[in-house]
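Read through the structure below, which is laid out as structure tokens, and then see the notes.
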Amino acid sequence: MVDQRVRDRRPRTGSSVGGKGMIEVNGRQQDVVLANMTTVTTASFRERVEVAAAAGFDALGISLDTYRRVVAEEMSPKELQAVVVDHGLEIVELEAVFGFAVPTAETGVPFGGGLAYTSPDDLNDFWAMAELFGARHLQAVGAFDRTDLEPDVVERFASLCDRAADFGLQIALEFVPTTNIPDAGTALSIIEQSGRDNAGLCVDSWHHTRGANDLEMLRSIPSRRVTMIQINDGPKDPADPDFLVETLHHRAVPGAGDFDLDGFVDAVTEGGVTAPVSVEVISDDLARLEPAEAARRCYEGAIEALARK
């Protein structure tokens, strides 16, 4: 069951712990989330919670791999939940279902970057995490290194949404340039065809810029279909010819790179979008900083980028 402290939590302006950093998006206060893959390199999960709260973040994302590691090495699920809540934070974001429509034979198979396609057992663990934390959304990604959509992709996505709805979760479908869901248009088509109310998009500035980089495509997304906004920055020209290598090593804090973040934010929010903002900076340079400084830079960069809207 979800800890009632999670359900009852409210932002606390001026608090010494989390809940002080909400950003206004089209007139509504939204959480600023420290994404799971952001390279704030801490010695423990407890330290990650502490530096996130001190920096001003309202919430955290967590992956299945991180959850399993923390439970195996550091603390029980209930203790993990208590640490988060006691610092005034929430876990709102679960990361991520990879290859939600791949053939059964491919589930559990690695595809690069230390990641593997999500198995049925993985999904069951995601549902348990959703119930434990009262999370709000679960990210989903297509299949890598292929262009053709699976013939049953809409049906499989709808089924994922239906199961997620049992736990109060929205599914945030993330387009990634080197997958068979490479852009917002493809993702939106799957979402609309599914007909599910809890289906939406994860719109990431990295995948937008390194992919279609089409602001009109972003403006065409109905506001109700934007579940979450992920923000980061990067160099104008790729730092590595391998997309996955660059994605997992060379992102930059918002405002520290060359991306057109003003154009991105304007396009995503133009139609009245109100969605939480997740800061996902996966960077070797960021990982070398002291954890508190890395978290502070991520938070302040995101706030500054969004405050210009």
Side-chain angles (χ1 to χ4, degrees), residues 32-41 61 95-96 98 110-115 139 141-147 172-188 201-221 226 228-270 277-289 293-309:
V32 183
V33 184
L34 180 64
N36 174 82
M37 294 188 74
T38 293
T39 44
V40 173
T41 308
E95 309 174 31
F98 293 106
F111 59 81
L115 303 171
Q139 291 172 252
V141 180
F144 283 77
D145 297 322
R146 65 194 72 179
T147 56
L173 182 56
E174 183 171 12
F175 55 91
V176 178
T178 54
T179 70
N180 57 355
I181 306 175
D183 54 46
T186 305
L188 182 61
L201 276 164
C202 167
V203 185
D204 186 329
S205 58
W206 181 268
H207 298 314
H208 158 73
T209 304
R210 287 291 186 255
N213 203 12
D214 185 339
L215 293 176
E216 290 305 315
M217 189 180 293
L218 297 187
R219 291 189 181 97
S220 72
I221 304 170
V226 178
M228 58 180 289
I229 300 167
Q230 281 194 323
I231 194 162
N232 41 66
D233 212 330
K236 179 180 179 182
D237 298 317
D240 192 287
D242 186 306
F243 172 80
L244 197 56
V245 169
E246 191 196 23
T247 296
L248 297 177
H249 295 275
H250 298 292
R251 301 194 197 196
V253 169
D258 303 317
F259 287 2
D260 178 15
L261 290 184
D262 286 349
F264 171 79
V265 171
D266 284 347
V268 174
T269 61
E270 186 175 86
V277 177
S278 179
V279 188
E280 187 176 57
V281 182
I282 314 168
S283 161
D284 292 348
D285 290 340
L286 189 71
R288 296 185 188 103
L289 297 177
E293 176 65 12
R296 183 191 66 78
R297 291 190 188 186
C298 286
Y299 169 74
E300 291 183 356
I303 290 294
E304 289 175 9
L306 284 141
R308 292 195 293 267
K309 170 58 182 171

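All residue numbers in this chain count up from 1 along the given sequence.
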Got [X] and [Y] here, is their nearest side-chain heavy-atom distance under 4.5 Å?
X	Y	result
Val33	Glu280	no
Leu248	Met37	yes
Thr178	Leu244	no
Ser283	Val281	yes
Met228	Val203	no
Thr247	His207	yes
Val32	Ile303	yes
Glu304	Pro254	no

Open item on the list: To the nearest 0.5 Å, what is the distance between CD1 on Ile229 and OG1 on Thr269?
Closed with: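 Nearest 0.5 Å value for the CD1-OG1 distance: 6.5 Å.
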
TODO: For the pair Arg210 and Glu246, find out whether any cationic side-chain nitrogen is under 4.0 Å from an anionic carboxylate oxygen.
DONE: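 Salt bridge: yes.
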
Task: Arg251 with Asp285: basic N within carboxylate O range, under 4.0 Å - done: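 Answer for the salt bridge query: no.
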
Open item on the list: Looking at Asp233 and Phe259, would you say the former's side chain and the latter's main chain have a donor-acceptor pair under 3.5 Å?
Closed with: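 Yes.
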
Task: Exam field: side chain Gln139 to backbone Ala172, donor-acceptor pair closer than 3.5 Å - done: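 Not a single qualifying donor-acceptor pair exists.
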
Can you give me the closest heavy-atom contact between [X] and [Y], atom names plus distance?
X	Y	value
Phe98	Leu115	CZ-CD1, 3.9 Å
Leu218	Phe264	CD1-CD1, 3.7 Å
Pro177	Gly211	CG-CA, 3.6 Å
Ala187	Leu201	CB-CD2, 3.3 Å
Val265	Ile231	CG2-CD1, 4.2 Å
Met217	Ala184	SD-N, 3.7 Å

Testing [options] for side-chain contact (heavy atoms from CB on, under 4.5 Å) with [X], which one passes?
X	options	result
Asn232	Asp204, Val279, Thr38	Asp204
Val141	Asn180, Thr179, Ile181	Thr179
Lys236	Thr209, Asp260, Asp258	Asp258

Task: Geometric class of the Phe144/Phe111 ring pair [parallel <30°, tilted 30-60°, perpendicular >60°] - done: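 Ring orientation of Phe111 relative to Phe144: parallel.
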
- [ ] Step by step, work out the side chain to side chain donor-acceptor pair (under 3.5 Å) result for Asn213 and His208.
- [x] CA-CA 5 Å; Asn213 203 12; His208 158 73; 3.2 Å; yes

Task: Cys202/Gln230 under side-chain contact (heavy atoms from CB on, under 4.5 Å): CA gap, chis, key distance, verdict - done: CA-CA 7 Å; Cys202 167; Gln230 281 194 323; 3.7 Å; yes

Task: CA sep, side-chain torsions, deciding dist, call: Ser205, Leu261, side-chain contact (heavy atoms from CB on, under 4.5 Å) - done: CA-CA 7 Å; Ser205 58; Leu261 290 184; 3.9 Å; yes

